[in-house]
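We're numbering straight along the sequence, starting at 1.
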Amino acid sequence: MPRFTTSDGLSLFYRDEGEGLPLLCLAGLTRDGRDFDFVAPHLSGNRLIRLDYRGRGQSDWGPHETYQIPVEGRDALELLDHLGIAKAAVLGTSRGGLIAMVLAASARDRLLGVALNDIGPEIADAGLEVIKGYLGRKPPQKTLAEVAKRRQELLTGFVGVPESRWMEEAERLFVQTDQGLDLTYDPKLRDAVLGGDVQPAPVLWPLFDALAGLPLCALRGENSDLLTRECFEEMKRRRPDMVAVEVKGRGHIPFLDEPESLEGLRKWLGMLRRDAP
């Protein structure tokens, strides 16, 4: 089982598969490296490195005060150091995209390029309210099948998603136990993120602007409640050279194996290879 030890003593799990351009995959807030299971088969020819953040997946839990983006960014760099990788491209879903922007501002020399999956420098209040509702709380449903059915009913921004995909999602989000469903992450992540209350979302345009000069891709779910169309348009205005894709029939977050998502990611990867020394 591949693991490495962080500078503050936690053992973190990662997956390292394939050969080629190193692509560091950073997951959503409560998720882990399995967030990229659906897109991984489509990214052959690349070296996919998937990190389970501290407190998530198969990684150690730590003091909840360390469940912060700068620390998770440091963990990502320490993983690259552990693997002997000087530079990597980052595919960041939601929270992972925020980490990528922080790395662009603080460790730009380690980045080949960045792809942002349904995240930008402004976080919509509607999306924050959804996060507040579920973060750190076990679902009321008792089985994975019940969760899958409920997600299909609630996530109306997702169109044309087969029942089997909702079940696959449920299997990655929760663990079935004799007592019901459990979380795949430390519930104290709620305290770390919300601090007992939801604070106004920060405006992160300086971090987005730090991506200047790096090959950039941005994907937005057509019905996203976290990345507004207005913010997405401003991102395109500031970076007219970026690969910008709106994924039809998807909310927060696209699964990344949609035809539009794959087309955007492949175009971005092509840009990275052209820029490679």
Side-chain angles (χ1 to χ4, degrees), residues 1-15 24-36 49-82 90 92-103 105-107 117-119 121 123-125 127-141 147 169-177 179-204 207 226 252-253:
M1 181 179 293
R3 308 184 74 89
F4 76 104
T5 302
T6 65
S7 55
D8 60 347
L10 293 188
S11 175
L12 303 189
F13 175 81
Y14 66 93
R15 298 165 178 83
L24 178 62
C25 300
L26 300 177
L29 174 62
T30 63
R31 299 176 178 234
D32 55 51
R34 295 174 299 168
D35 221 5
F36 301 94
I49 303 157
R50 300 191 261 171
L51 173 64
D52 284 8
Y53 302 133
R54 54 180 59 214
R56 281 82 131 194
Q58 298 183 62
S59 289
D60 284 357
W61 294 7
H64 74 268
E65 295 86 358
T66 68
Y67 301 153
Q68 301 293 342
I69 286 173
V71 177
E72 292 160 4
R74 184 187 72 197
D75 291 343
L77 293 178
E78 290 179 357
L79 172 57
L80 294 181
D81 292 342
H82 172 74
V90 176
T93 287
S94 195
R95 173 83 157 200
L98 296 177
I99 294 171
M101 287 190 279
V102 167
L103 291 178
S106 62
N117 181 20
D118 209 61
I119 192 68
I123 300 173
D125 289 341
L128 276 180
E129 286 302 311
V130 172
I131 292 170
K132 181 181 178 181
Y134 72 76
L135 184 57
R137 295 172 173 168
K138 296 180 183 181
Q141 294 80 25
V147 164
E169 274 278 280
E171 290 169 348
R172 286 159 177 78
L173 292 171
F174 304 103
V175 177
Q176 184 76 62
T177 73
Q179 290 74 41
L181 297 176
D182 204 354
L183 303 175
T184 59
Y185 61 92
D186 184 348
K188 288 190 176 180
L189 182 61
R190 180 180 182 87
D191 299 326
V193 173
L194 304 182
D197 194 8
V198 176
Q199 303 299 317
V203 175
L204 305 173
L207 297 181
L226 200 76
H252 183 75
I253 48 178

Would you call [X] and [Y] a salt bridge, using N to O less than 4.0 angstrom?
X      : Y     : answer
Arg56  : Glu72 : yes
Glu169 : Arg34 : no
Asp8   : Arg74 : yes

Report task. Quick one: which residue pairs count as a ring-ring contact (aromatic ring centres under 6.0 Å, His included) with a foot in residues 52-74, not counting sequence neighbours? Result ->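 Non-adjacent pairs meeting ring-ring contact (aromatic ring centres under 6.0 Å, His included): zero.
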Min side-chain heavy-atom separation [X]-[Y] under 4.5 Å:
X      : Y      : answer
Arg172 : Asp35  : no
Leu26  : Val90  : yes
Gln176 : Glu171 : no
Phe36  : Arg15  : no
Glu78  : Phe4   : yes
Arg3   : Asp60  : yes
Arg54  : Thr6   : yes
Leu135 : Val193 : yes

Query raised in the report: Which pair of heavy atoms, one from Ala170 and one from Val147, lies closest together, and at what distance?
Result: CB-CG1, 3.9 Å
Query raised in the report: So, for Lys138 and Leu181, which heavy atoms are closest and what is the spacing to 0.1 Å?
Result: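 So the two residues come closest at CD-O, 3.6 Å.
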Requested in this report: Report the residues that fulfil side chain to side chain contact (heavy atoms under 4.5 Å, CB included) with Ser59, sequence neighbours left out, ordered by chain and then residue number.
Outcome: Leu12, Phe13, Asp52
Query raised in the report: What do the steps show when you test Leu189 against Thr30 for side chain to side chain contact (heavy atoms under 4.5 Å, CB included), and what is the final call?
Result: CA-CA 8 Å; Leu189 182 61; Thr30 63; 4.1 Å; yes
